[in-house]
Amino acid sequence: MASGVGTTRPLLVRGGTAVDVAGARRADVLVVGERVAAVGPHLEADGAEVLDAAGAFVIPGGVDVHTHFDLPVGEVRSADDFESGTLAAACGGTTCVVDFAGAGREPPEEALRTWHARAGGRAVVDYAFHLTVTSVPEDPVAARALFAGFAAAGVTSVKLYMAYPERLMVDDATLARALRAATAEGVRVCVHAEDGLEVARRQDEARRAGRGSPADHPGTRPPEVEAAAARRAAALAREASAPLYVVHLSSAAGLEAVRTARDEGAEVVAETCPHYLFLTADALAGPVAEAQNFVCSPPLRSDADRRALWRGLADGDIQVVATDHCPFTRRDRARGVADREEGWADFTQIPGGLPGVETRVGLLFQGVREGPLTLERWVDAVAGAPARLFGLGGTKGSLAPGTDADLVVFDPGAHRRLDAAALHSRADHSPYEGMDVVGWPALTLSRGRVVARGGEPAGTAPGWGRYVPRSPSVTPHGR
């Protein structure tokens, strides 16, 4: 493939197989400035630099709508900030991230200011924000005004937690108010669907019984607590005539709850993550020094759950694959959220979350190679659907003329080993250590600028990535 791509004159990506919502077809892609100018066979452009993409797929840059950069968790922080995290994203073919602003019960406007300060001038690729919401006014007019303010700032999605009662959990009345007010203002409501009170009860029971190792973690957050919360949230959404987005779906039981809710008339969209598709709870059963690096919530599940999620993704019952990228260093995991020299006392004190922003696009391509996914389904899950669902459909997630020239030339024959040493996150371990994948981005462009080549940084500059205010994520109603 050609190299030396510039950004000062038109770029013609020639000879590849273009894949997006319009399907897979032989097409050239013409980039002028920061936008896609044309897509079609046998394009010509005077003075254009030509990139030979023969044998490769040309796809829209990935859109990862679930990241946690520079997130404080107790006394430690997630390993990647907006510079390292978006650089890793670029190397893996993701050109836009939507990060969650808010670490606890701080006012949303404070959280948004804080996250803008963390990201501004540091991001390598474009970014947007969700807001974490922990309270909603009881007065309907005030509630709508709250969400209208979010939308005016370009934040058209929020997340409410049904878990973590000590820090983030909302009750059903708060969630119901959020669903009504947010939908009226074009804001999508996302939920972390786990029954927080049942989890807390099970954790207390495990501690009393002396069960505190990483291997004991899944037993305190079994699939039924995910399914129960998904059913409750979907019932509230149906009653409010509001759409609902369930983040990081992890189990067959959770997926069945989503399917049943849809059959009963709820509009529910589901996201899963690569670690639930590729890993199992067996990783938590090894030596503690390694097992602690696989703690996340919801926890890793059984192989049967993993296979059920692949089927749900293939048949469209799961629409999006995002990462929940929230890595920690080995040192921080070992010391725990209290950052104690003696280390964590039980699994509840291990900072939870896995890296994934760099490996998502390549990992999901294995589903194409091995059969469950079509090319179109792969691209839609990592780029098209997240852009459409979160108010980015006019600028990201497709190759349509007029959209941002966020492009990936994806080499289906490239080999990549997913060891931490070969990746660009500041996490010093990889959940996929020792795994080889076939298929990796040969070139990543962000708004027409090369930011990665062959999975390595190229032309990257902190600050090139810009904040993207988003359009309504749902159709506003009730005005």
Side-chain angles (χ1 to χ4, degrees), residues 19 21 24 57 59 62-66 92-94 193-194 218 221-224 226-227 230 245-263 268-284 294 296-325 353-386 389 410 412 416 418 430-440:
V19 188
V21 70
F57 300 117
I59 66 174
V63 179
D64 189 347
V65 293
H66 195 152
T94 286
E194 289 185 295
R221 311 180 93 99
E224 51 262 36
E226 178 176 72
Y245 184 96
V246 179
V247 303
H248 52 45
L249 197 71
S250 67
S251 67
L255 177 58
E256 186 56 33
V258 167
R259 287 184 175 127
T260 300
R262 288 185 190 138
D263 291 343
V268 187
V269 175
E271 156 200 296
T272 194
C273 306
H275 45 276
Y276 300 122
L277 295 168
F278 284 89
L279 306 175
T280 70
D282 290 348
L284 295 163
F294 291 88
C296 59
S297 296
L300 300 177
R301 306 291 190 189
S302 70
D303 190 61
D305 289 302
R306 187 187 68 81
R307 289 184 280 108
L309 294 174
W310 270 113
R311 290 192 296 271
L313 180 63
D315 65 23
D317 281 338
I318 297 171
Q319 288 75 23
V320 172
V321 176
T323 62
D324 196 6
H325 179 87
L354 302 181
V357 74
E358 184 171 359
T359 52
R360 177 184 66 127
V361 175
L363 277 171
L364 261 291
F365 182 69
Q366 307 315 297
V368 178
R369 294 185 66 250
E370 296 169 14
L373 302 184
T374 64
L375 282 169
E376 294 88 345
R377 188 74 198 90
W378 165 55
V379 173
D380 202 53
V382 300
L389 289 166
F410 190 90
R416 193 76 171 183
L418 303 187
S430 166
Y432 310 106
E433 200 79 22
M435 181 185 296
D436 290 294
V437 294
V438 180
W440 201 259

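Values below: all heavy atoms of this structure, side chains included; hydrogens, waters and symmetry mates excluded. Nothing fancy with the numbering, it's 1 onward along the sequence.
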Could you check Phe410 against Trp440 for ring-ring contact (aromatic ring centres under 6.0 Å, His included), going step by step and ending with a plain yes or no?
CA-CA 6 Å; Phe410 190 90; Trp440 201 259; 7.7 Å; no

Check the pair Leu418 / Leu363 against side-chain contact (heavy atoms from CB on, under 4.5 Å), numbers first and verdict last.
CA-CA 9 Å; Leu418 303 187; Leu363 277 171; 3.7 Å; yes

Which is it for Arg301 and Ser250 under the side chain to side chain donor-acceptor pair (under 3.5 Å) test, yes or no, and what are the steps along the way?
CA-CA 7 Å; Arg301 306 291 190 189; Ser250 67; 3.0 Å; yes

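Side chain of Arg262 to main chain of Asp317: a donor-acceptor pair is present (N/O by atom type, distance under 3.5 Å, no hydrogens or angles). Proximity of a side-chain donor or acceptor of Arg360 to a complementary backbone N or O of Val63 within less than 3.5 Å is detected.
For the pair Asp315 and Arg311, the salt-bridge criterion is not met [side-chain N within less than 4.0 Å of a carboxylate O].
Note: Gln366 CD to Trp378 CH2 = 9.5 Å, rounded to the nearest 0.5 Å. Here the OG-CD distance, from Ser297 to Glu226, works out to 11.0 Å after rounding to the nearest 0.5 Å. Rounded to the nearest 0.5 Å, atoms CD (Gln319) and CG (Leu249) are 10.0 Å apart. Of the inter-residue distances, the one linking Glu271 atom CD with Asp64 atom CG reads 8.0 Å to the nearest 0.5 angstrom. Here Leu279 contributes atom CG and Cys296 contributes atom SG; the two are 8.5 Å apart, rounded to the nearest 0.5 Å.
The two atoms that bring Cys273 and His248 nearest to each other are SG-CB, 3.6 Å, heavy atoms only. Nearest heavy-atom pair across Pro412 and Val438 is O-CG1, 3.4 Å. Residues Val65 and Val320 come closest through the heavy atom pair CG2-CG1, 4.1 Å. Between Pro298 and Glu194, the closest heavy-atom pair is CA-OE2, 3.7 Å. Val361 approaches Gly93 most closely through the heavy-atom pair CG2-O, 4.1 Å. Taking each heavy atom of Val268 and Ala261 in turn, the nearest pair found is CG2-CB, 4.2 Å.
At least one side-chain heavy atom of Asp303 sits under 4.5 Å from a side-chain heavy atom of Arg306. Inter-residue side-chain proximity for His275 and Leu300 is flagged as met; some heavy-atom pair is nearer than 4.5 Å. In this structure the side chain of Ile318 reaches within 4.5 angstrom of the side chain of Leu309, judged on heavy atoms. Side chains of Leu364 and Leu373 form a contact here, defined as non-hydrogen atoms less than 4.5 Å apart. Contact annotation: the side chain of Pro355 approaches that of Pro431 to within less than 4.5 Å [non-hydrogen atoms, C-beta and beyond]. No side-chain heavy atom of Ser302 sits less than 4.5 Å from a side-chain heavy atom of Thr280. A 4.5 Å side-chain heavy-atom check between Leu313 and Leu277 finds at least one atom pair inside the cut-off. In this structure the side chain of Asp324 never reaches within 4.5 angstrom of the side chain of Leu354, judged on heavy atoms.
Judged purely by distance below 3.5 Å, without hydrogens or angles, the side chains of Ser251 and Asp305 never pair a donor atom with an acceptor atom.
Separation of the Tyr276 and Trp310 ring centroids does not fall under the 6.0 Å cut-off. Residues His66 and His325 place their aromatic rings such that the two centres sit no closer than 6.0 Å.
With sequence neighbours left out, the salt bridge (charged side-chain N to carboxylate O under 4.0 Å, His left out) criterion links Glu376 to no other residue.
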